[in-house]
Amino acid sequence: MKKILALAMAAAMTLSLAACGNNSGASSKSNPPANSGGQNSSVSTPTDDSSAGSSSAGNYGTFTTVEPGVLHMSTNAAFPPYEMTTDDGSFEGIDVEVAQAIADKLGLELKVDDMAFTAALTAVQTGQSDIAMAGITITEERLEVMDFSNSYATGVQVVIVKEDSPIQSIDDLSNAAKIGCQADTTGYIYASDTPENGGYGEEHVTAFDTGALAVMALVNNQIDAVIIDNEPAKAYVAANEGLKILDGEWVVEDYAIAVAKGNTDLLNAINTAMAELIDEGVFQQIVDKYITAD
């Protein structure tokens, strides 16, 4: 399936993901918000929170965050190499370090709030976090309830199967009895759509809380294929003998940072900080720590 998400993003900034190594970045961990729901929740404005504060940092103007002096990032830290949990319970990954670099620019302390992917999106909508970063792509439905920064990376979704699978090409997916995806991701949204719209139908697609659980189901012969982003796919295949990634791109999308609908001041500050980090080469340095050229 070749379904390309067309997004009109003014001055979109994309990153070439290349080079070597890894790195750890520590942040604090908190519980997910009590009000968890889908990313298409009708709540689109921050809650009235007396603890929220305004900050002013250099060229970034005045903006409001949920907690004075703090940038809360909601994420699902099970998406290597973008966000992962370390052995000591802290967080690392491309998104984590990018968020830290942005927070440093804005003169804020970064706090990473780990939760389910759906809850991470809801936290932004309800004003319980300032930003969401979890390899998030933009859809028309998400644009109705949150705003997005300029794109900072390009994500490619691919298909994982067992090495001896009869599914040997992306075109063979239409014959797959069971496909696994992480719940509420664009992979699930597209795959579970009707065949007329380029999907495979809900009856052929199973939603899992994390990509890791989907891969585990594949290993245990509970499903026939997993659709997931390319970089996490590489990590899962490397960690599980007998799996492979099919040739070709299933979907190509842009990653962006989600903020509360209407929080224009914070969004502008983030876009300004990101532009500087790209110009300074900091973005590429972060990517180079986690993604190898091959």
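Residue numbers run from 1 in the order of the sequence given. Scope of the values below: all heavy atoms of this structure, side chains included, with no hydrogens, waters or symmetry mates.
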(request) Please check if Val161 and Met216 belong to a single hydrophobic cluster, counting links between Ile, Leu, Val, Met, Phe, Trp and Tyr side chain heavy atoms closer than 4.5 Å. (result) no
Report task. Classify the angle between the aromatic ring planes of Tyr255 and Tyr152 as parallel (below 30°), tilted (30 to 60°) or perpendicular (above 60°). Result -> tilted
Verdict with supporting geometry, Val159 and Leu173, side chain to side chain contact (heavy atoms under 4.5 Å, CB included): CA-CA 9 Å; Val159 180; Leu173 269 182; 3.5 Å; yes
In short, Lys234 meets Ile245 closest at the heavy-atom pair N-CD1, 3.9 Å
Just do the side chain to side chain donor-acceptor pair (under 3.5 Å) check on Thr86 and Glu92 with the steps written out, would you? CA-CA 7 Å; Thr86 65; Glu92 65 179 357; over 6 Å; no
We want to know whether Gln157 and Thr185 form a side-chain donor-acceptor pair, criterion being a heavy-atom distance below 3.5 angstrom.
no
So the salt bridge (charged side-chain N to carboxylate O under 4.0 Å, His left out) pairs with at least one residue in residues 202-222 (sequence neighbours excluded) are none
| Using a distance-only test with no angle check, is there a side-chain donor-acceptor pair under 3.5 angstrom linking Glu276 and Tyr60? | yes
*Distance only, no hydrogens: is a donor on one side chain within 3.5 Å (strictly under) of an acceptor on the other, for Gln182 and Thr210?*
no
Between the CD atom in Gln128 and the OG atom in Ser74, the distance rounded to the nearest 0.5 Å is 9.5 Å
Checking side-chain polar atoms at under 3.5 Å, does Glu231 have a donor or acceptor matched by the opposite partner on Tyr290?
no
Going by distance alone, is a donor N or O of one side chain under 3.5 Å from an acceptor N or O of the other, for Thr122 and Thr126?
no
Problem - Residue pair Asp171 / Ser169, side-chain donor-acceptor N/O under 3.5 Å - result: no
When rounded to the nearest 0.5 Å, the distance separating CE of Met146 from CD1 of Ile131 is 13.0 Å
For the aromatic rings, using the six-membered ring if either is Trp, is the centroid distance between Tyr188 and Phe208 under 6.0 Å? no
query: In terms of heavy-atom contacts, does CG of Asp247 have more than 12 from other residues, nucleotides or ligands at under 6.0 Å?
result: no
query: Yes or no on side chain to side chain contact (heavy atoms under 4.5 Å, CB included) for Ile223 and Ile179, after CA distance, side-chain angles and deciding distance?
result: CA-CA 6 Å; Ile223 57 176; Ile179 301 169; over 6 Å; no
Applied to residues 124-139, the salt bridge (charged side-chain N to carboxylate O under 4.0 Å, His left out) test, sequence neighbours excluded, yields none
Ignoring hydrogens and angles, state whether a donor on the side chain of Tyr190 or Glu253 is under 3.5 Å from an acceptor on the partner side chain.
yes
**Request:** Go through the side-chain N and O atoms of Lys105 and Gln100 and say whether any donor and acceptor fall under 3.5 Å apart.
**Result:** no
Determine whether Lys261 and Asp147 satisfy the following criterion, salt bridge (Lys or Arg N to Asp or Glu O under 4.0 Å), listing intermediate values before the conclusion.
CA-CA 5 Å; Lys261 193 74 175 175; Asp147 290 333; 3.2 Å; yes
Here the gap from Ile94 atom CD1 to Phe283 atom CZ, rounded to the nearest 0.5 Å, amounts to 10.5 Å
| query | Taking atom types as modelled and ignoring hydrogens, do the side chains of Thr139 and Glu141 form a donor-acceptor contact shorter than 3.5 angstrom? | reply | no
